[in-house]
Amino acid sequence: MDGYLTLPDPLAAYDMITAEVGALAGTVTPRRMDDPTPCAGWTVKRLLCHLAFIGDRYATLAEGAPPPEDEPGYPDPVAAFGEHAARARAAFGRPGYLTEVAPTPIGPQPGAVTVQHVVNELTTHGWDLARALGASTDISPELAVRVLASWRSFLDGVPRDGGPFGPERPVPAGATEADRLAAYLGRDAG
């Protein structure tokens, strides 16, 4: 994963993006849960459940237990996101975690790489949530630049004809850094 790690302080980046995504999630009212998102076939509730699952899965791995494989339909995904994000932060902040090599869904990695991956996921899906809610997509601009560099190191040269990332899309005039990230990952940022 050479080049994948772009964060000088992964825990500070994690704190920043979980606060920003948590604030966005906190604005979701029950009547918005069925709204569509830029993720094909996903509603706001499904996206929030995925965000909660990311925290749950990586917290469990960092705690040294087998992670849940199937994503549950959390009854209150906003509360679940906050709970699992806090659990993951506690596990990631354990002394030595960032340099330890531990299992992840993509194979053994140092903890810092795991935190980078979670930050990448939350920044990407934070954009999806902002877009679905009609909120500003100007999500943590400096962080979005670093996340884009990280995704580029992982995905450049990899065919993207299916799965979670589509082919790179055009970047519209006046795009935010997070819009550029979204367009790179195949989202329509226009």
Side-chain angles (χ1 to χ4, degrees), residues 1 3-28 37 39 44 47-65 67-68 71 74 76-106 109-133 135-154 164 176-182 184-185 187:
M1 299 222 100
Y4 187 75
L5 189 59
T6 63
L7 301 173
D9 186 345
L11 295 178
Y14 179 83
D15 292 343
M16 180 187 316
I17 197 61
T18 54
E20 195 156 351
V21 171
L24 269 171
T27 69
V28 177
T37 73
C39 303
V44 167
L47 177 58
L48 289 168
C49 284
H50 182 66
L51 288 165
F53 178 70
I54 291 167
D56 189 5
R57 187 176 204 194
Y58 285 93
T60 303
L61 278 166
E63 293 162 352
E71 192 171 300
Y74 302 96
D76 183 348
V78 174
F81 171 74
E83 173 192 332
H84 295 304
R87 235 181 86 222
R89 177 56 172 90
F92 296 159
R94 182 175 45 77
Y97 176 77
L98 294 178
T99 56
E100 287 175 11
V101 174
T104 74
I106 57 171
Q109 301 293 331
V113 172
T114 299
V115 177
Q116 172 84 55
H117 182 70
V118 173
V119 168
N120 289 3
E121 288 280 340
L122 294 178
T123 304
T124 301
H125 289 305
W127 183 91
D128 293 330
L129 182 58
R131 189 64 180 260
L133 297 175
S136 171
T137 58
D138 195 16
I139 296 171
S140 303
E142 184 180 322
L143 182 57
V145 168
R146 290 182 182 280
V147 167
L148 175 56
S150 179
W151 278 128
R152 281 188 184 282
S153 75
F154 189 66
T176 68
E177 296 301 336
D179 292 336
R180 292 178 195 289
L181 166 66
Y184 174 74
L185 296 174
R187 276 116 164 123

Across all chains, not counting sequence neighbours, the side-chain hydrogen bond (donor to acceptor under 3.5 Å, both in side chains) partners of Thr37 are none
>> If we count only N and O atoms by modelled type, under 3.5 Å, do the side chains of Glu20 and Ser140 hold a donor and an acceptor together?
In response: yes
Could you tell me whether the side chain of Thr124 and the main chain of Asn120 form a donor-acceptor pair under 3.5 Å?
-> yes
Taking every heavy atom of Ala178 against every heavy atom of Thr137, the minimum-distance pair comes out as CB-O, 3.2 Å
Those residues at least two apart in sequence (or on a different chain) that pass salt bridge (Lys or Arg N to Asp or Glu O under 4.0 Å) with Arg187 are Asp128
Looking at Tyr4, is its backbone amide N or carbonyl O close enough to the side chain of Ser150 to form a donor-acceptor pair, meaning the two atoms are under 3.5 Å apart? yes
Contacts of Tyr184 meeting ring pair (Phe, Tyr, Trp, His ring centres under 6.0 Å) (sequence neighbours excluded), chain-then-number -> none
Residues at least two apart in sequence or cross-chain that pass salt bridge (Lys or Arg N to Asp or Glu O under 4.0 Å) with Glu121, listed by chain then number, are none
Check your understanding: Where the side chain of Gln116 meets the backbone of Thr6, is there a donor-acceptor pair that is under 3.5 Å apart?
Key -> yes
Note: Tyr74 and Ala52 closest approach over all heavy atoms is CE1-CB, 3.6 Å
SG (Cys49) and CD1 (Ile54) are apart, to the nearest 0.5 Å, by 11.5 Å
Ring-plane angle category for His50 and His125, please: parallel below 30°, perpendicular beyond 60°, tilted otherwise.
perpendicular
Rounded to the nearest 0.5 Å, the CZ atom of Arg146 sits from the CG atom of Leu181 at a distance of 14.0 Å
Test side-chain contact (heavy atoms from CB on, under 4.5 Å), reference Tyr14, set Leu7, Asp9, Val119, output is Val119
To the nearest 0.5 Å, atom CG of Leu24 lies from atom CG of Leu133 at 6.5 Å
Shortest non-hydrogen pair, Glu63 vs Ala91, comes out as CG-CB, 4.1 Å
Can you label the angle between the His117 ring and the Trp151 ring as parallel, tilted or perpendicular, going by 30° and 60°?
perpendicular
Residues passing the ring pair (Phe, Tyr, Trp, His ring centres under 6.0 Å) test with Phe53, sequence neighbours excluded, are none
Ile139 vs Ile17, test: side-chain contact (heavy atoms from CB on, under 4.5 Å). Steps then yes/no. CA-CA 8 Å; Ile139 296 171; Ile17 197 61; 3.7 Å; yes
Is the backbone of Ala12 close enough, under 3.5 Å, to the side chain of Asp15 for a donor and an acceptor to pair up by distance?
no
### Message
Under the criterion side-chain contact (heavy atoms from CB on, under 4.5 Å), I'd like the reasoning laid out for Leu185 against Trp127: C-alpha separation, chi angles, the key distance, then a yes or no.
### Response
CA-CA 11 Å; Leu185 296 174; Trp127 183 91; over 6 Å; no
With sequence neighbours left out, the residues meeting salt bridge (Lys or Arg N to Asp or Glu O under 4.0 Å) with Glu83 are none
Between Leu129 and Ala25, the two heavy atoms sitting closest are CD2-N, 3.9 Å
* To do: Would you sort out whether Leu61 and Thr114 count as a side-chain contact (heavy atoms from CB on, under 4.5 Å), showing the intermediate values?
  => CA-CA 10 Å; Leu61 278 166; Thr114 299; over 6 Å; no
Closest heavy-atom pair, Pro10 versus Ala112, reported as atoms and distance to 0.1 Å, is CG-CB, 4.3 Å
Rounded to the nearest 0.5 angstrom, the CD-OG1 distance for Glu177 and Thr123 is 12.5 Å
Between Arg57 and Pro105, the two heavy atoms sitting closest are CZ-CG, 3.6 Å
Exercise. With side-chain contact (heavy atoms from CB on, under 4.5 Å) as the test, would you mind laying out the steps for Arg87 and Thr60 before giving the verdict?
Key: CA-CA 9 Å; Arg87 235 181 86 222; Thr60 303; 2.8 Å; yes
